[in-house]
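Here the structure is a predicted model, which means the values were calculated and not measured. Chain letters run A, B, ... following the sequence lines, proteins first and then strands; every chain starts at 1.
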Amino acid sequence: MTLDSVLSPLFFILVFPGFFFLSVYGTFLEWVDRKCYALMQNRIGPPIYQPVADFIKLLAKETIIPKHCDTALFKTLPFFAMASVITAMLLVPVWPQALFPFQGDLVVIIYLLTIPTMTFFLAGWSSSSPFATIGAVRVLTQLFAYEVPLMLALLGPAILAGSWNITEISKFMFQNPLLLIVQIPGFLIAVITLQGKLERLPFDIPHGETEIVGGAFTEYSGGLLAFFNLAIDMEMVVGAALINAVFLGGSMGADGILAIVVFLGKTTFIVLLLSVLKAIMARIRIEQMINFCWKILAPLSLIQIAMNIALKIRIG
Amino acid sequence: MSLLQEEKIKSELEKKFSLDILGFEIQRERRIWLEVKKEKAVEIMAYMKNKLDFNHISAISGMDMGDNLGAIYHLVQTGIVANIVVETPLSNPRLDTITEIFMGAEYYERELEDMYGIKINGLPNGRRYPLSEDFPKDQYPLRKNWDQKKFEASAKACSYEEAEKNSGDEEKI
Amino acid sequence: MPKITIPLGPQHPALKEPENFMLVLEGERIDKASINLGYNHRGIEKACEERTYIQDIYLLERVCGICSHSHTSCFVGCVEEIAKVEIPERAQALRILMGELERAHSHLLWLGVAAHEIGFDTLFMYTWRDREHVLDCLELISGNRIHYAMNIIGGVRKDINAKQKNEILKRMDILEERTNYYVKLITQEPTILARTQNVGLLPTQEALKRNAVGPTLRASNVKSDVRKDDPYLMYDKLDFKVITADSCDVFGRVFVRVFELIESYKIIRQIINYLPTGAIAVKVPWKIPEGAAVGRYEAPRGEDIHYVKANDSIKPERVKVRAPTLANFASVRYMLEGGYLADVPIVIAAIDPCMSCTDRSLVLDGEKTSSYSWNDLRLMGIEFYKKKGIDFSKVKI
């Protein structure tokens, strides 16, 4: 085992595209989102360093841990969330190719992105406060609502490309740009369900502040909350990157630095879409969310898949 | 300026409760003042609601008149306000509840209990309003002889545990 | 899932002022609700008896930060009735002008709060931006944004000139355009409809039984408006409609308030265009003769009622204030039970609760009547941190 073989994975995990890149870009995207949201609401919005300032401020605050909770679980959950998001990022192509592409990494990444949601649930459940418990239950309920349409929507391009490998899918989509037009419904479904996954308006039901205070995070404070927030920012990057790779042709054949520029540009665009969604709607109720996901989004994504299968047969 | 409606209410009420209405005054258009016996107050108000369409209660004002404590029930029939004055002796202030006729009167009656110490017969148990749980129960701030400075000098705030114990059942549900 | 009880308040993000709702939940459904009030008790009624009529005006203005003009108008109206003073027409018109501007400002504020309760922050920001126009108008007339201090016994304090009239009319045009946009928004935006329709149902019979007032009652399809039923000032000479809705739900309450905004603009225009000439106040002696009066006023939240008893001195014998919110609480309980937890904030917000109005009364001077004084708390804090190894006792405050 050479030094190089140890160093380069460490570099991938800690610097790029892992922890360092994700946290910097995640906080940047959070700023983009907040600024955009503010501009749409006739406000000025925060300065670019605001998310970092918030993070540092939270780190400086006292971390209060409830008396009756499972302390070890309570303390480690934010890091579980973050670790699973970073692992997922290693599978998403930032360059033309993912770091470790293999058949089926699409499924693995969806699985990895479910882990943060599970940690939110456990966070709420373990903090033994009524608001957090209700929030935790809502996290799980919501998971069952958006997960299926998201999975089905991501399946569409995979069927078309005939591969479970994200890198191959994005290459295929880039080579057949006309097929992108057919994927628009699937793309929109993916963006909407990603909004649900990130628990943002109109799907911020698990922590709708006017209803259940902070939801699952009610009892979290200080550094632990800061890391949860960071994990959510990172999840936003990974989610946007996944949609970018599956639907928008990834880095579009570019290489080196240019590939990163294309990646940053397109993920920012997806986040802009997410903030528009956030600005134009009111929060819906949990049962309305489930109805919407199962009665509208899921059938639509099935139609999309059927369309893709037909197309696939046609092209051969 | 016609007082037809008001006159009609007056005659109807006087016909029915000639002995129980101690005084009747039409102050101006849309304002009627009645003084009634406290034993008959509930009955009169029920009659006014059911037969004369006074289906809204706006408020109950408590009053300290020296020897007597009073309550003024402000009943409303689209536009016309009937102010029903009921008096009860200061030594043993008691009135009957009207929550069975007007559901909205609950808080107004609690206020009478808290601020004037008028015991309301038949008022369902519940948390006191508007005073806090740890406020001494024998102090009635809106009575004329109540003095804030004297109260502060003498009052000893009850402890948190005591307040918890005193609080109504409703809080624990 | 077993039933759990959650406390909503006294401190909760959905509540802008302290009040407490104990909710027994069965999953997301509310099984039972109870309301505890009184956290905002300040002793205004008692304080009124200890002050002169002039001082009382400014004290009563502080009953509520939003309907400040309503309470003073109502009180001053009562005092004028007892003193048998007829105030000049121009003063009446100016009081109405302020009252309607206040209604516009209150309803816009409410619309924003309601939007925030259902998580629609964009609408919240929009309406509060537009509310600034109303506040500017109020400032232009009176010099103040919230506590205008316009009323004096016998009239109003300030006149308006042609320049101010033009400015107000200009602002009304802007506001009307924006309000029409909100009408479109609340009647068409699917998520707003999803969150407000069939939520917090209060059928007409129940609303009457529970003695609801104001927009809450009007949204239950009862044509009840003090301005029409019991006209005060010169409302009987003005042309406006009483807005009602027959849906009996939160949507109806939003609908009523938004259309009332338009009616308010209409009244403001009428007043500005046909402002009577003459004095703005008459002199009233400080000593008010013996008598009693009951005044009703249609505040933005509903019927506000004051009872004033005078005893031939410069101080009132008794002042009773019943703010509209208190009258609506009996209905809130009905509306909450059987609903979803997610709807609690909007259902409570739909009556436009104003706790500082509701609770008034009793001056508590903190130091001796509460369990801990400020100084005790500070010492406790220092002790607490000393145990953790931080010594704050050297810090000067």
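Counting heavy atoms of neighbouring residues, nucleotides and ligands inside a 6.0 Å radius, atom CZ of A/Phe269 does not exceed 12 of them. The environment of CZ in A/Phe28 is crowded: more than 12 heavy-atom neighbours from other residues, nucleotides or ligands sit within 6.0 Å.
With sequence neighbours left out, the salt bridge (charged side-chain N to carboxylate O under 4.0 Å, His left out) criterion links C/Arg257 to no other residue.
In terms of heavy atoms, C/Phe120 sits closest to A/Ala282 at CB-CB, 3.7 Å. The two residues A/Ile280 and C/Glu189 come nearest to each other via the heavy atoms O-OE2, 3.4 Å.
Between the CG atom of C/Leu341 and the CZ atom of A/Phe131 there is a distance of 8.0 Å, given to the nearest 0.5 Å. Interatomic distance, NZ of A/Lys278 versus CG of C/Asp121, reported as 9.0 Å (0.5 Å rounding). Between atom CD1 of residue C/Ile4 and atom OG1 of residue A/Thr133 there is a gap of 6.0 Å, rounded to the nearest 0.5 Å. Between the CD1 atom of A/Ile212 and the CD atom of C/Glu28 there is a distance of 7.5 Å, given to the nearest 0.5 Å.
Residue A/Met40 touches chain C through its backbone alone, counting heavy-atom pairs closer than 4.5 Å. Contacts of C/Val199 with chain A are made by side-chain atoms alone, with heavy-atom separations under 4.5 Å and no backbone atom involved.
Heavy-atom proximity under 4.5 angstrom to chain C picks out A/Glu62 from residues 58-76 of chain A. Proximity to chain C among residues 283-294 of chain A is limited to A/Arg283, A/Ile284, A/Arg285, A/Ile286, A/Glu287, A/Gln288, judged by heavy-atom separations below 4.5 angstrom. The stretch residues 122-132 of chain C places C/Thr122, C/Met125, C/Tyr126, C/Arg129 near chain A, each with some heavy atom under 4.5 Å from a heavy atom of that chain.
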